[in-house]
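These notes are about the structure you will find just below.
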Amino acid sequence: MRRIYIETYGCQMNVSDSELMLGVLGREGYVRTDDPVEADVLLVNTCAVRDHAEQRVLGRMGELKRYKRPGDVLGVVGCMAQRLGPKLLERVPQVDLVIGPDGYRGLPELIARAREGERAADVAFQGWEHYEDVPPVRDNPISAFVTVQRGCDYRCTFCVVPMTRGPERSRKLADVAGEVGRLAETGTTEVTLLGQTVNSYHDGEHDFADLLRAVGAVDGIRRLRFTSPYPTDFTPRVLDAMATTPAVCEYVHLPVQSGSSRTLRRMLRRYDRERYVDVVAALRAAVPGVALSTDIIVGFPGETEADFQETLSLVEQVAFDDAYTFKYSVREGTPAVRIKDHVPEELKTARIGRLIELVRRIARRKNIGLVGTTHEVLVEGPAKRGALLQARTRTNKIALLEGPAAWIGTYRRVRLTGTTGSTFTAWPIEELAACPSPT
Ligand code: 5AD
């Protein structure tokens, strides 16, 4: 029996891609192992969105090569593999294969060739590739990521993704609905639809509104999430589908990147501050109680103190439930490389510190306001520390509660009893019927 070990960095789509790779290799008789020592094939599925992510992988490669016995194969796959291609083979002599996000079908062949001593890179884009015939190997029986769109046609000037994931394409609605139907039959009750700009989904016939309705109608699916949407792709049709599809959760991750219209223009985002605020208002009107999180970049080239102040004031104005904050990282080949006027590292560090402080203060204020309220939660598993269970509200808040392991995978009504400012403790009130009747 051959064993495959795979380590995944970066976004949820990478998690989903790793499940596809396990599917491709599963058909060849490979089984998964969590122990690199016993693996015959070691893969690292990488991210290229910031330099930091790439440095981490390079460091990790230095460690993983120690597990490589004669005959074993070490591969780098994913976005960093796509970005660097054959250069990675030169840079890390122990690496046998390099495959970008559209080449996973070729894994068995490149592994076989590596065993013959050949080192190869495949970084061709396949504009049709959806791995439709590959059954993903998932390890969470309750909640599943389902990729519905690959690639990206937007051209945000900071972003490397169009270069690493190629042109945008959507899966056929019937294929997505079929996959979700099979998941539901085996007990999955929550799905998260994935795409780089997921709400621009269009399969030639159906848009994202149709997709939400189709997936939301699958018997057994109680929670429907999606990530990441693009702000201006919330058409009235999509908003209406969200409002009228009971499974759609009251949580949206809505990357804003900056609160300054001047910076947004230079990022080639397709909205200004006012338009973004309008989208937030439309979401809040369509989905009462919707929780919002965002992504923010500080220190984009040319960002002034006044621009940064605009970001702070937007965070204040929207009052996000959470925000993922990043220091701008130069990505070779992206348009922003040509913008002079780089913000010094110390200034980026100072700005991100101020931003995080504000984000936390607002989240804490909102979360304290939720203590005492009741929520439906899905019990996901044991808490990371201690003997409690970890559960999640429809609004994506994490709540810890006491209960037996048998509750894992069930839906319960709880009262939030306390908060650390970001997560909650909760008291179980009642079990909710397994059949989906979302409230
Ligand atoms: N530098 C810093 N952050 C970036 N992101 C994307 N590209 C860069 C970059 N060059 C952030 C954006 C995006 C998130 C996934 O990563 O905020 O939404």
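Numbering of ligands and ligand atoms starts at 1, following listing order.
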Arg222 charged N/C atom sitting above Tyr411 aromatic ring, 6.0 Å / 45°: yes

Within the 4.0 Å heavy-atom sphere of ligand 1, strictly under, residues: Val49, Arg50, Phe158, Gln257, Asp295, Ile297, Phe326, Lys327, Tyr328, Ser329, Arg331

Close side-chain approach of Leu183 to Ile221, heavy-atom, < 4.5 Å: no

Qualifying residues under ring pair (Phe, Tyr, Trp, His ring centres under 6.0 Å), relative to Tyr276, sequence neighbours excluded: Tyr271

Run the side-chain donor-acceptor check on residues 333-346: report pairs under 3.5 Å with partners two or more places apart or on a different chain.
from, atom 1, to, atom 2, distance (Å)
Thr334, OG1, Arg331, O, 2.6
His342, NE2, Ile339, O, 3.2
Glu345, OE2, Lys327, NZ, 3.2

Atom CZ of Arg60 with >12 non-hydrogen neighbours under 6.0 angstrom: yes

All N/O donor-acceptor pairs, side-chain side in residues 356-366, below 3.5 Å, sequence neighbours left out:
from, atom 1, to, atom 2, distance (Å)
Arg364, NH2, Thr420, O, 3.2
Lys366, NZ, Ala319, O, 2.8
Lys366, NZ, Asp321, OD1, 3.3

